[in-house]
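Read through the structure below, which is laid out as C-alpha cells, and then see the notes.
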Amino acid sequence: MGDKRHLVWELLLPLIFSDIHTSILTIKIAQRIESMCGIVGCKGDARASEILLNALKSLEYRGYDSVGMAVLNKCQIFIKKDIGKISDVDKKLNFKGLEGNAGIAHSRWCTHGGVSKENSHPHTDSNGDIAVVHNGIIENFEKLKKELIEKGYVFRSETDTEVLPYLIEEAMKDGNDLKSSVIKIFQKIKGRNAIVVLNKKGDLIGARNGSPLIVGLSDSACFIASDIPAFLRHTNKVMYLDDGEMVVMGKKPIFYNMSTWKEVWKRLIEIDWNAKQAEKGEHPHFMIKEIMEQKETIKEAINQNDKEILKIAGDINNAFGTFFTACGTAGKVCLTGEYLFSQISKKHVNYIVSSEFPNYQHFLTSKTLLITVSQSGETADVMEAVETAKKKNVKIVSIVNVKGSSLDRVSDHTFLINAGPEKAVASTKATTAQMAVIMLLAYACDGRLEEGKRLLIETAAKVNDMLNPRYEDHIKSLAEKLKKVPNIYIIGRGLNYAMALESAIKIQEVSRIHAEGFAGGELKHGPLALIDKGVPCIALVANDDVKNDIINNAIEIKSRGGYIIGVSPENNKVFDYWLKVPDVGVASPIASIIPVQLLAYHLGVLRGLDPDYCVNLAKAVCVK
Ligand code: M6R
C-alpha cells in the first residue's frame, strides 16, 4: 500500500507543481522592501565607540539608509545618529568622539517610517535613560502606540521601534528592573524581533524572537550583534540566543527563557571564520572578492562527511515526497536541484518558493522530507516554511552557510557549505557551493557519491583556471558594450533554466538594468515580442541534450535582430560575443553562472553603483 501511494504521489506532483516556476520571477520582482537592520552592543572595553563603529561597517550589508550609536559615559547616555551610509555619517558626526565603555549601535533599513534622522535608531525613553536598537517588525505597534499616547507619551518618530523604550519605561514604573521589563514587553509585542537595550546604569540586555542575535566573548569584553562578523576581529567565541530568550550581558552573560523566566545554560562555541575572511583585502568590493573565492569554495563545499550525505540520501530515497524550499537566489539553486535530481538519480523532488510554502502544507506528512537552502540561515520566509513543516512532523534538512544561524539550529540535520562569510548583498560563492552540496546528495541517492565528488573536484579545478585576469577583462569589455542598455534577456533550458532566472536576479540587483530570464522553449509564447535590433540576450548553452534546442532559440532571437552572448564551452556562429565556460557535464549550472556574476558586477561598477549594496535590498531578509 505504502509503495503504491508513493507512486501516485510521484506521478501527481509534477502536475500539481507545473505552475510554480513561472511565478517565481514575478515574486522576486515584486519583492517587498521590508527588510532588516544590523544591531550591535558591547560592554567592558573603553574603546566602545570604535568597536561599535567597526561592527557597524561589517553589518552595513544588512541595512544602509541610516545609522546611529549610543554610548554610556558617567551614567549618561550620549547619542549620535543620522541618515546616510556609515562612512558619510561618521565623517559628519565623528562617532569615535563618543567616549565610554558600553554602547549600542544600529544600521537601519527602513520598514516602518521613512528615512529620516528622527526615525534612525537608537530610540530612547522619555528621559533619555534607556536606549534601544531594534531589528524586525512589531506587528501590533499601532495598538501599543495608541495605548502609550493615551498614557501621555509623546512620539518623536514614525517607527514601530519607539514603542519599546516607552513600554520599558512604563514597566519600570511598576517597580520592575530592566531584565523583568524586557521580558514583559516581549510578552506584549508580536512579530519577529530582536532588540539590544542599554540603560544609564550600564545594564546591557539583548532579547530575540525570530530575528538573529549572537553573543561574543573576548577576554576583556562582551559583544552582542545580529551577525558574527560584527565582532569577529575581537573574538570567534560565540553563544547563540534562541527564540524567546534574553541575555544580560557581562563577563559571564546570563541567559533566560522569557516564558519560564528561568536561567538557560549555553555552550560557548568557537567558530572557524576569521576576521580576514570578512574583509575585502585587496579587492575593491566584497562581490568581486566572493566571485573570485569560488576558486576555493566549490572544493570546500564538497568537503562533507560521507556518512551524513549517504544517510540523508537514504532519507530522500525513502521519503514520501521530498520538498526543497528557499528564497531568491537560493530558490534558483533549489530549482536547479530539481533538474539535478531528475538527471542524476531519476528522482522527483519539488521546489516551492518559501513564501508560498504554507499553501502546500496539505501535501505534507510525517514521512515528507523538507530540504531548505539559505546562505544566511535567517530568511524569515524560509523559517516560516520550516515552522509550517514542523507542525506536520516533517524532517528538516538544511544547506546553510552560517553555522549557528536560526535555520541551522531548528534543523534536524544541517550541511554547512563552508563558503566563509558572504557579505555582498548579491549571493555568488554561496550559490555555487549550495549547488555542489545538492549535486552530492543527488549522486549519493543513485549510489554514485564518489563519481559526483570526482566531477565536482574537476569542476572546481576548471573554475579555478577560468577565473583569471584575462577572463575578467574579456567580461569587462562586454560590460562596457552593455552598460547603457535598458534590457537584458537570458535564456536557458534543462539544467540551465534556473540559472537563466538566477542570471536575471544578478543583473537586476547589481546593475539595476531590467533583466529577465526565460526557458528557451517559452520564447515563442510571449517574450520573443520583446526582441528588437540590438537587444542583448544571454544564451546559457551546455554540451547536453538540449544544446540544439537552445541554439535554435538563440537563432530565433538573432533573426529578430537580437545580440547573442553565448555562455558555452564551445563557440557557435550564432554568438556575437562568446563567454567560454568549462565543459563539466551536469555541473554546468555551476560553471555557467560565474561569468554572469562577473558581468553583473562590472555592469554595476560601470554604472556607478556600489555592487555590494544593492538598491532596495538587504543581505538577509528577516521579515516577511
Ligand atoms: O540568506 P538566503 O540565502 O536565505 O537569502 C535568500 C535571498 O534573499 C537571497 O538569495 C537574495 O535573493 C540575494 N540578494 C540574491 O543575490
Side-chain angles (χ1 to χ4, degrees), residues 24-25 27-36 61-64 109 211-212 226-229 285-287 290-291 301 324-337 351 353-355 357 371-386 398-408 410-411 414-417 419 421-435 437-438 498-499 501-512 515 517 593-594 596-601 604 609-624:
I24 294 163
L25 190 67
I27 289 164
K28 176 70 196 174
I29 289 168
Q31 192 171 29
R32 287 164 275 177
I33 60 159
E34 283 177 2
S35 204
M36 52 167 303
Y61 69 92
R62 299 174 73 90
Y64 30 90
W109 190 256
S211 292
S226 313
D227 204 353
I228 297 164
H285 300 103
F286 281 111
M287 186 177 174
E290 289 158 8
I291 292 173
F324 275 79
T325 195
C327 300
T329 292
K332 305 304 170 280
V333 168
C334 294
L335 184 53
T336 306
Y351 161 57
V353 64
S354 298
S355 53
F357 190 81
I371 303 185
T372 72
V373 180
S374 174
Q375 188 287 130
S376 62
E378 299 294 349
T379 302
D381 286 332
V382 181
M383 292 304 293
E384 286 213 354
V386 168
S398 292
I399 299 174
V400 169
N401 193 29
V402 181
K403 182 177 174 180
S405 56
S406 303
L407 195 53
D408 175 16
V410 297
S411 300
T414 301
F415 293 108
L416 294 171
I417 59 168
E422 188 184 70
K423 300 195 71 185
V425 170
S427 182
T428 53
K429 62 176 177 173
T431 311
T432 47
Q434 288 158 350
M435 286 194 277
V437 174
I438 291 178
M499 287 304 104
L501 304 185
E502 165 55 9
S503 300
I505 294 187
K506 282 291 95 49
I507 295 169
Q508 288 161 7
E509 62 184 348
V510 185
S511 75
R512 303 194 80 200
I593 196 59
I594 294 175
V596 185
Q597 294 171 345
L598 276 168
L599 177 64
Y601 169 77
L609 297 165
D610 185 336
D612 289 343
Y613 302 106
C614 307
V615 175
N616 293 346
L617 300 176
K619 182 66 180 163
V621 184
C622 293
V623 290
K624 267 172 76 177

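Remember, it's 1-based here, ligands and their atoms both numbered in the order they're listed. All residue numbers refer to positions in the sequence shown, counting from 1.
- Under 4.0 angstrom from ligand 1, the non-hydrogen atoms of Thr379 all belong to its side chain.
- Side-chain N/O atoms of Glu502 and Thr329 include a donor and acceptor closer than 3.5 Å.
- Using a non-hydrogen distance threshold of 4.0 Å, Glu378 does not register as a contact of ligand 1.
- Using a 3.5 Å distance cut-off with no hydrogens or angles, the side chains of Thr372 and Ser398 do pair a donor with an acceptor.
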Stepwise side chain to side chain donor-acceptor pair (under 3.5 Å) test for Ser405 and Glu378: CA-CA 6 Å; Ser405 56; Glu378 299 294 349; 4.8 Å; no
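- For ligand 1, the atoms lying closer than 4.0 Å to a non-hydrogen atom of Lys506 are 15 (C), 16 (O).
- Per-residue contacts place Ser376 under 4.0 angstrom from the following atoms of ligand 1 (heavy atoms of the residue considered): 1 (O), 2 (P), 4 (O).
- Each of Thr428, Thr431, Asn401 was compared with Gln375 under the side-chain hydrogen bond (donor to acceptor under 3.5 Å, both in side chains) criterion, and only Asn401 meets it.
- The Ala330 neighbourhood of ligand 1 comprises atoms 3 (O), 10 (O), with distances under 4.0 Å to a heavy atom of that residue.
- For ligand 1, the atoms closer than 4.0 angstrom to any heavy atom of Val425 are 13 (C), 14 (N), 16 (O).
- When non-hydrogen atoms are compared, ligand 1 lies under 4.0 Å from the side chain of Glu509 (C-beta onward) but not from its backbone.
- Side-chain N/O atoms of Lys403 and Thr414 include no donor and acceptor closer than 3.5 Å.
- Annotation for ligand 1: atoms under 4.0 Å from non-hydrogen atoms of Gly328 are 12 (O).
- Taking NZ of Lys423 as the start and OH of Tyr613 as the end, the distance is 7.0 Å to the nearest 0.5 Å.
- The distance from ligand 1 to the heavy atoms of Ser427 drops below 4.0 Å at these ligand atoms: 15 (C), 16 (O).
- Of all atoms in ligand 1, numbered sequentially from 1 with element shown, those under 4.0 Å from a heavy atom of Thr329 are 10 (O), 12 (O), 15 (C), 16 (O).
- Distances below 4.0 Å separate heavy atoms of Ala426 from the following atoms of ligand 1: 16 (O).
- For the pair Val382 and ligand 1, no heavy-atom separation below 4.0 Å is found.
- Atoms NZ and CD, from Lys506 and Gln597 in turn, are 6.5 Å apart once rounded to the nearest 0.5 Å.
- Under a 3.5 Å cut-off, the side chain of Gln434 and the backbone N or O of Ala330 do not form any donor-acceptor pair.
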